[in-house]
Amino acid sequence: MQQYFIDDTVIVGDNVKIEPFAVIKGKTVLGDGCVVGSFSYLKNAVIGANTVVKSSRICDSIVGSDCSVGPNAHLRDNARVGDCCRVGNFVEIKKSTLQNGVKASHLAYIGDAFVGRNTNIGCGVIFVNYDGKEKHKTTVGENCFIGCNANLVAPLYIGDGCFVACGTTVDKDVPDGAFSIGRSYLTVKEGKAKKYLKK
């Protein structure tokens, strides 16, 4: 007895592996050789050939070929992921396009964005797309490196070949090839830690 749920509207390619407790619904298309891991939820998703989805949620979105998604990633609202991409654990992608070769390996939010080829999105990066009233778009160019815990405040344009240092909040456009760093200097006060520690 199969231990997964799959709608009769789903199209399944050759040599697809569906692991126990996966739920696959709607107009989902599974490309040849892809793997849908246990506890994944797919609805109206297109998954390319040889892509592996590990216990993740993908709704109304497209993932290319030879990608890795999850565990515990969430793609929604017309997320479009190109070929040879890595979308890691606890990464959420909403209404955004990631071109071929983009990597967002863990703990990031990518909303209302376009990310160019071969760009790396570090751990904890947030695309700050909402100002309290409106949603705004961020564009990141090709071959960029966005360091851990950076905030990209939309509307924003970051050119090709840029490096954003970890911990930086970027709130103005960055030209091609630029290095951006925006954080305060570390102050070390020796012997003062006990003042702040609970007794």
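One-based numbering along the sequence shown. Heavy-atom basis, side chains included; hydrogens, waters and symmetry copies ignored.
- One side chain, N44 or D60, offers a donor N or O that lies under 3.5 Å from an acceptor on the other.
- A 4.5 Å side-chain heavy-atom check between H136 and D112 finds every atom pair outside the cut-off.
- Looking at N129 and K95, their side chains never come closer than 4.5 Å, going by heavy atoms from C-beta outward.
- Annotation: side chain of I47 is not in contact with side chain of V36 (no heavy-atom distance under 4.5 Å).
- Y41 has its side chain within reach of C59: a pair of non-hydrogen atoms, C-beta onward, lies under 4.5 Å apart.
- From K103, atom NZ reaches atom SG of C85 across 8.0 Å, with rounding to the nearest 0.5 Å.
- Contact of the E92 side chain with the R76 side chain is registered, since non-hydrogen atoms from C-beta on lie closer than 4.5 Å.
- Sparse packing is recorded around CZ of R80, with 12 or fewer heavy atoms of other residues, nucleotides or ligands lying under 6.0 Å away.
- Side-chain contact check for D83 versus D66: every heavy-atom pair is 4.5 Å or farther apart.
- Side chain of T119 to backbone of G141: a donor-acceptor contact under 3.5 angstrom is found.
- For K137, the NZ atom is densely surrounded, since the number of other residues' heavy atoms within 6.0 Å is greater than 12.
- Of the options I11, D14, I24, a side chain to side chain contact (heavy atoms under 4.5 Å, CB included) to L30 is made by I24 and by none of the others.
- Remark: side-chain polar atoms of D160 are paired, donor with acceptor, to backbone N or O of E142 under 3.5 angstrom.
- Of the residues listed (T28, V23, V12, L42), the one engaging I6 in a side chain to side chain contact (heavy atoms under 4.5 Å, CB included) is V12, and it is the only one.
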